[in-house]
J.: 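Pasting a structure here, questions to come.
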Amino acid sequence: MSSTQDAPFHTLLPRVDSPREVLRRDLVLCRFCRAPITTRHDELVIGEAHQHRFINPSGNQFLVGCYKLAPGCDISGLAAEEYCWFEGYTWQYASCSDCGEHLGWFYQSGESDQFYGLIIDKLVRYQV
């Protein structure tokens, strides 16, 4: 009878169920530098959907996912109401804290109603 200690490390990965490994599996990373940005647990439904497709005034199309938190993002720019895709909110730029890549926008309405709209194509999920 063999023990798990005899098995190659890579064959044990799918069986790892420690809280740290479960959290790592839920990470959403910057596609460019692989820094942690948010988690799947922070996915948020806004207007009956997590993902939304928008076109900006320049004609660029974005698929945006909504997240409650994105601690891996830096927020910059003045809060703007113009061209906001979510009525009643202001927006600011959200960029990767590590590499500076523009990842989406931070939306806020009042003091406590806020979320991140992150560009799906600029994110990857952590893969074990």
Side-chain angles (χ1 to χ4, degrees):
M1 184 169 172
S2 70
S3 73
T4 56
Q5 290 178 331
D6 299 328
F9 179 71
H10 69 277
T11 63
L12 298 176
L13 287 177
R15 298 179 189 193
V16 173
D17 289 324
S18 72
R20 175 177 280 163
E21 188 59 38
V22 170
L23 176 61
R24 288 179 68 196
R25 289 181 186 173
D26 289 334
L27 286 177
V28 178
L29 312 174
C30 172
R31 178 176 297 281
F32 303 93
C33 71
R34 299 296 198 258
I37 301 300
T38 187
T39 70
R40 290 176 43 206
H41 294 290
D42 286 314
E43 289 180 356
L44 184 63
V45 173
I46 300 288
E48 299 181 17
H50 163 64
Q51 292 185 1
H52 303 267
R53 190 170 300 280
F54 298 113
I55 300 175
N56 72 7
S58 299
N60 298 314
Q61 184 172 294
F62 298 96
L63 179 60
V64 174
C66 299
Y67 294 87
K68 290 180 274 190
L69 300 171
C73 283
D74 288 334
I75 300 168
S76 64
L78 297 174
E81 294 177 357
E82 298 82 24
Y83 306 112
C84 189
W85 293 322
F86 297 97
E87 189 174 335
Y89 288 85
T90 60
W91 62 269
Q92 294 172 273
Y93 293 105
S95 302
C96 176
S97 297
D98 279 13
C99 73
E101 180 69 29
H102 171 241
L103 298 180
W105 301 269
F106 172 73
Y107 294 94
Q108 188 168 11
S109 177
E111 291 292 316
S112 60
D113 188 7
Q114 59 192 28
F115 67 95
Y116 291 81
L118 302 178
I119 303 165
I120 299 297
D121 289 344
K122 293 190 175 191
L123 304 172
V124 293
R125 296 201 179 193
Y126 177 83
Q127 297 294 316
V128 177

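Note that the coordinates shown come from a computational prediction; the quantities given were computed from them, not determined experimentally.
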J.: Taking all non-hydrogen atoms of both residues into account, name the closest pair between Thr38 and Ala70 and its distance.
T.: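 Heavy atoms of Thr38 and Ala70 come nearest at CB-CA, 4.0 Å.
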J.: Under 3.5 Å, side chain of His102 to main-chain N/O of Gly104, donor-acceptor pair present?
T.: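 Yes; judged by distance alone, with no hydrogens or angles, the pair exists.
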J.: What heavy-atom pair brings Phe106 and Ala94 nearest, and what distance separates the two atoms?
T.: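 Here Phe106 and Ala94 meet closest at N-CB, 4.2 Å.
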J.: Can you list every pair that meets side chain to side chain donor-acceptor pair (under 3.5 Å) and has a residue in residues 50-60, with sequence neighbours left out?
T.: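 Sorted pair list comes back empty.
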J.: How long is the gap from CD on Gln61 to CD1 on Ile55, to the nearest 0.5 Å?
T.: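 Atom-to-atom, Gln61:CD and Ile55:CD1 are 5.0 Å apart.
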J.: How many angstroms lie between atom CG of Leu103 and atom CG of Asp121, to the nearest 0.5 angstrom?
T.: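 Nearest 0.5 Å value for the CG-CG distance: 11.5 Å.
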J.: In the hydrophobic clustering (ILVMFWY, side-chain contacts below 4.5 Å, transitive), which residues join Leu78, or is it alone?
T.: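 Answer for Leu78: none, a lone residue.
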J.: Minimum heavy-atom separation for Leu123 and Arg31, please, with both atom names.
T.: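 Minimum heavy-atom contact is O-NH2, 3.1 Å.
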J.: Mind checking what makes side-chain hydrogen bond (donor to acceptor under 3.5 Å, both in side chains) contact with Gln92, not counting sequence neighbours?
T.: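 None.
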J.: Return the NZ to OG distance between Lys122 and Ser95, rounded to the nearest 0.5 Å.
T.: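 Those atoms lie 8.5 Å apart.
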J.: Applying side chain to side chain donor-acceptor pair (under 3.5 Å), which residue pairs with at least one partner in residues 65-81 are found, sequence neighbours left out?
T.: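 Sorted pair list: Asp74-Ser97.
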J.: Would you please name every residue forming a side chain to side chain contact (heavy atoms under 4.5 Å, CB included) with Ser112, sequence neighbours left out?
T.: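 Residues passing side chain to side chain contact (heavy atoms under 4.5 Å, CB included) with Ser112: none at all.
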J.: Please say which of Leu69, Val28, Asp26, Ile37 ends up in a side chain to side chain contact (heavy atoms under 4.5 Å, CB included) with Asp42.
T.: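 So the option named by the test is Leu69.
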J.: Return yes if some donor-acceptor pair links the side-chain N/O of Ser109 with the main-chain N/O of Gly88 below 3.5 Å, else return no.
T.: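 Judged by distance alone, yes, a pair lies under 3.5 Å.
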J.: So, do Ile75 and Tyr116 sit near enough that their side-chain heavy atoms are less than 4.5 Å apart?
T.: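 The answer is yes; the side chains approach within 4.5 Å.
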J.: Which heavy atom of Ala35 sits nearest to which heavy atom of Asp98, and what is that distance?
T.: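 So the two residues come closest at CB-OD2, 3.2 Å.
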J.: Can you tell if the side chain of Cys96 reaches within under 4.5 Å of the side chain of Phe32, non-hydrogen atoms only?
T.: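 No. Closest side-chain heavy atoms not under 4.5 Å.
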J.: Using links of under 4.5 Å between side-chain heavy atoms of ILVMFWY residues, direct or through other members, which residues join Phe115 in one cluster?
T.: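 Its cluster partners, ordered by chain and number, are Leu44, Ile46, Phe54, Phe62, Val64, Trp85, Phe86, Tyr89, Trp91, Tyr93, Trp105, Tyr107, Ile119.
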